[in-house]
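Input: a single structure, listed below in structure tokens.
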2 protein chains.
Amino acid sequence: MKIMAPVDPALLALSTDVVLFSIHAERLDVLLLKQAARQWQLPGGEVGACEDLDGAALRHLREQTGVDDVYLEQLYTFGDPRRVDCQRVVSVAYYALVPAERLPLDELRKNPQVDWCPVSDLPPLTLDHAQIVTLAHQRLASKLAYSTIALQFMPASFTLSALQTVYETILGEVLDKRNFRKRILAMNCIETTGGMAREGNHRPARLYRATHPGRIEFLK
Amino acid sequence: MKIMAPVDPALLALSTDVVLFSIHAERLDVLLLKQAARQWQLPGGEVGACEDLDGAALRHLREQTGVDDVYLEQLYTFGDPRRVDCQRVVSVAYYALVPAERLPLDELRKNPQVDWCPVSDLPPLTLDHAQIVTLAHQRLASKLAYSTIALQFMPASFTLSALQTVYETILGEVLDKRNFRKRILAMNCIETTGGMAREGNHRPARLYRATHPGRIEFLK
DNA sequence: TTGACATAGTGTTAAAATAACACTAATATT
DNA sequence: AATATTAGTGTTATTTTAACACTATGTCAA
């Protein structure tokens, strides 16, 4: 293999891309920015000289979409020299989770450059962004099995049925209600608030909250 | 949060660091380079302008240690702006696995700048390299549970006892021989070669080989 | 040649985890 | 009061995992 010249700093750019997931109406959605007609992209952009990578990802997310205060995790770094034409752009990809209730819905609705799209039916995305979304979805789904990461989609209090719907939406399969509840309660990651959710013409449901909100626990 | 200025390209450097694991005499070792007296570092260095990240990791490993043809996997990207003084260096960390039998032992022994050190007793390492090694070890150990990654430490043919020793060395615990063999054979990832290992004054052992060498399978 | 030594190889059983499965309870609406 | 709708709850069979000990086959030395 030929030894390459060191990076020409004028050509190297470091950026972050963020796959922000949220769940709306039993659909797993990703936040996308309109780049051109029929061409979308993930939020993200260059990393500042004195900015750490997580910070850059959060900043671009906030600046471009108004969304703040999310759970963020590094996913993978994409560095194929041909992934962007005419310039070397290495991108540190992240994924982020946010409860639908915490979203600035008005602000988002006013901005025609921003939209939520279902993961299962993405529009054409720029560069390798579709691949990034797929990888993020896989990572998220596999983390459901051995962590409490799904709680990051939940508001301050929620019902067990709502939590089950989150699991089912991400995994794309239905789960047994009794087994699900046993499993979740055995994790010891949620507790009852004492309150009840009374909505709809049916029996009210107990409300729960995360015992350690913000913290993600790993099982076994 | 203050909006940062974009990266000054003159200050940004992109590098890779590689944690190369190998197992010698029932010890999990990492390959280190002597940086100064009592100060060691991981192999690695800058990413070339037209070089992909994996390629850069492999190239530095080869140039600095003579080791080639390893299993390589991206680990995490470290980008804290204060991780290196006076310059912004973002590092894409990798880990790599190689069977002891495939190492250029003579070449390595001749080079006083290179040495194998046990993961459990590392010398002082530069920057955040100790943290990188720890993270790589955790990742490797957890992958044993749900993949055939351990085969990357094995030569072309090997005994089940040797494979079990690899597991035990990485996990730092002893495993039950019968349960281990059942589990491994159920994975369907190895097959008998027909040959026998006859070494030592005891019963010879059957030799096995990977059914798909180089490929890593995920279980369940 | 035979006995000591060293590692290879092999099944069973108990315990734990998982998966399958259906009915009653509480509320709102008519 | 009957209907509709979701909440909530246990048991059992199956599968997986964990614990456990002896025989087999070679080398070597007496």
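Chain letters run A, B, ... following the sequence lines, proteins first, then strands; residues in each count from 1. Hydrogens, waters and symmetry mates play no part in the numbers below; they use all other heavy atoms, side chains included.
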Using the side-chain contact (heavy atoms from CB on, under 4.5 Å) rule, pick out the option among Ile132(A), Leu20(A), Thr16(A) that qualifies with Leu42(A).
Ile132(A)
From CZ of Phe158(B) across to C1' of dT7(C) the rounded distance in Å is 18 Å
Donor-acceptor check, side chain of Glu191(B) to backbone of Arg209(B), threshold 3.5 angstrom: yes or no?
no
Contact between Tyr208(B) and Leu185(B) at the side-chain level, heavy atoms closer than 4.5 Å - yes or no?
yes
Given that Arg183(A) and Asn201(A) both sit by DNA chain C, which one's nearest nucleotide is further toward the 5' end?
Arg183(A)
Run the side-chain donor-acceptor check on residues 25-40 of chain B: report pairs under 3.5 Å with partners two or more places apart or on a different chain.
residue: Arg27(B); atom: NE; partner: Asp29(B); partner atom: OD1; Å: 3.1
residue: Arg27(B); atom: NH2; partner: Asp29(B); partner atom: OD1; Å: 3.3
residue: Arg27(B); atom: NH2; partner: Asp29(B); partner atom: OD2; Å: 3.2
residue: Asp29(B); atom: OD2; partner: His24(B); partner atom: ND1; Å: 3.1
residue: Gln39(B); atom: OE1; partner: Thr126(B); partner atom: N; Å: 3.4

Leu219(A) CG to dT18(C) C1', straight-line distance once rounded to whole Å:
15 Å
Summary of protein contacts for nucleotides 6-15 of chain D, nucleotide by nucleotide, where a base hit scores B, a sugar-phosphate-only hit scores S (4.0 Å, heavy atoms)
BBBBBB----
For a 4.5 angstrom cut-off between non-hydrogen side-chain atoms, does His129(B) reach Asp17(B)?
yes
What's the CE-C1' distance between Met187(B) and dT16(D), to the nearest Å?
14 Å
Under the side-chain contact (heavy atoms from CB on, under 4.5 Å) test, which residues partner Ala141(A), sequence neighbours left out?
Ile170(A), Leu171(A)
